[in-house]
Amino acid sequence: VQLVESGGGSVQTGGSLRLSCAYSGFTYDDYAICWFRQAPGKAREGVSCFVNGDGSTYYGDSVRGRFTISRTNAKKTVILQMNMLKPEDTAVYYCAADTLIVGYTKGYYLHETSYRYWGQGTQVTVSS
């Protein structure tokens with residue numbers, strides 16, 4: 001499995017950014033693609049996940065209502081649209097993936113130990 005991230009950058013409070021994760025290498029349809037983030041000195045946090053088996057999506061409490069995750073079928077890309085950004089959203093954002101079936105809990109999907117495959121990370125900086 002390969003993951004290639006793009007997007008990110010710097011924006012002011014209230015602005016928007018869009019992250020993309022192009023993925024390849026899955027043999028079957030049961031997989032999940034998830035975004036995590038890690039700010040300096042903090043633990044890695046699950047941001048949002050897309051479960052391909054049933055199209056379900058999950059969001060961390062800190063981003064629900066502001067971020068939207070979606071997938072483009074043709075290009076096998078997962079998009080994280082981030083709106084109403086805040087300085088506390090500043091972090092390195094990572095795309096992660098693994099062969100996960102449907103039916104796990106939100107907490108399982110949003111936990112970093114559920115994923116073996118990771119992208120290189122992309123910086124998001126939100127200034128006040």
Side-chain angles (χ1 to χ4, degrees):
V1 173
Q2 290 189 321
L3 306 171
V4 179
E5 300 151 343
S6 59
S10 297
V11 67
Q12 292 188 327
T13 297
S16 298
L17 285 172
R18 175 179 161 122
L19 303 182
S20 297
C21 176
Y23 60 93
S24 62
F26 286 110
T27 303
Y28 302 103
D29 291 336
D30 284 326
Y31 56 86
I33 311 289
C34 195
W35 286 96
F36 289 83
R37 67 185 182 186
Q38 188 165 24
K42 295 189 176 181
R44 192 168 292 186
E45 174 190 10
V47 175
S48 183
C49 297
F50 174 86
V51 181
N52 187 68
D54 63 358
S56 57
T57 58
Y58 298 92
Y59 296 92
D61 292 341
S62 61
V63 306
R64 186 179 296 110
R66 301 187 296 123
F67 291 11
T68 303
I69 193 168
S70 61
R71 185 199 62 183
T72 62
N73 288 341
K75 296 184 178 180
K76 290 191 179 293
T77 301
V78 167
I79 306 294
L80 184 68
Q81 178 65 42
M82 305 185 294
N83 298 327
M84 296 182 286
L85 284 162
K86 306 174 182 179
E88 50 264 43
D89 294 318
T90 296
V92 177
Y93 283 69
Y94 298 91
C95 178
D98 214 315
T99 51
L100 296 178
I101 61 174
V102 302
Y104 288 114
T105 64
K106 170 186 169 180
Y108 187 89
Y109 286 117
L110 285 173
H111 200 284
E112 61 177 318
T113 59
S114 300
Y115 300 89
R116 290 174 291 170
Y117 308 106
W118 292 81
Q120 76 280 5
T122 185
Q123 178 70 45
V124 170
T125 302
V126 185
S127 58
S128 57

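None of the values given here were measured: they were computed from a predicted structure.
- Evaluation of the salt bridge (charged side-chain N to carboxylate O under 4.0 Å, His left out) test over residues 11-31, restricted to residues two or more places apart or in two chains, returns none.
- For S16, the side-chain hydrogen bond (donor to acceptor under 3.5 Å, both in side chains) partners two or more places apart in sequence, or in a different chain, are N83.
- For residues 118-128, the side-chain hydrogen bond (donor to acceptor under 3.5 Å, both in side chains) pairs, not counting sequence neighbours, are Q123-T125.
- The distance between the ring centers of Y58 and Y109 falls below 6.0 angstrom.
- Counting only residues at least two apart or in different chains, disulfide bond (SG atoms under 2.5 Å apart) contacts with residues 62-128 comprise C21-C95.
- Atom CZ in F36 sits 7.0 Å away from atom OG in S114 (nearest 0.5 Å).
- For residues 33-76, the pairs satisfying disulfide bond (SG atoms under 2.5 Å apart) are C34-C49, with sequence neighbours left out.
- Here disulfide bond (SG atoms under 2.5 Å apart) pairs that include residues 50-81, with residues two or more places apart or in two chains, number zero.
- The hydrophobic cluster analysis finds I79 isolated: no Ile, Leu, Val, Met, Phe, Trp or Tyr side chain comes under 4.5 Å of it, directly or through other members.
- Residues Y94 and E112 form no side-chain contact, since every pair of their non-hydrogen atoms from C-beta on lies 4.5 Å or further apart.
- Hydrophobic cluster of M84: no remaining members, since no ILVMFWY side chain lies below 4.5 Å from it.
- When hydrophobic residues (I, L, V, M, F, W, Y) are linked wherever their side-chain heavy atoms come within less than 4.5 Å, the members clustered with V78 are V1, L3, V11, L17, L19, Y23, F26, Y31, I33, W35, V47, F50, Y59, V63, F67, I69, L80, M82, L85, Y93, Y117, V124, V126.
- Identified under the salt bridge (charged side-chain N to carboxylate O under 4.0 Å, His left out) test for residues 76-87, with sequence neighbours left out: none.
- For the pair T99 and Y28, the minimum side-chain heavy-atom distance is 4.5 Å or more.
- Among pairs with a residue in residues 1-10, none fulfils salt bridge (charged side-chain N to carboxylate O under 4.0 Å, His left out), at least two apart in sequence or across chains.
- Side chains of S62 and R37: a donor-acceptor N/O pair is present below 3.5 angstrom, by distance only.
- Annotation for E88: atom CD counts as buried by contact number, over 12 foreign heavy atoms lying within 6.0 Å.
- Pairs passing the salt bridge (charged side-chain N to carboxylate O under 4.0 Å, His left out) check and including a residue from residues 54-69, sequence neighbours excluded, read D61-R64, D61-K106, R66-D89.
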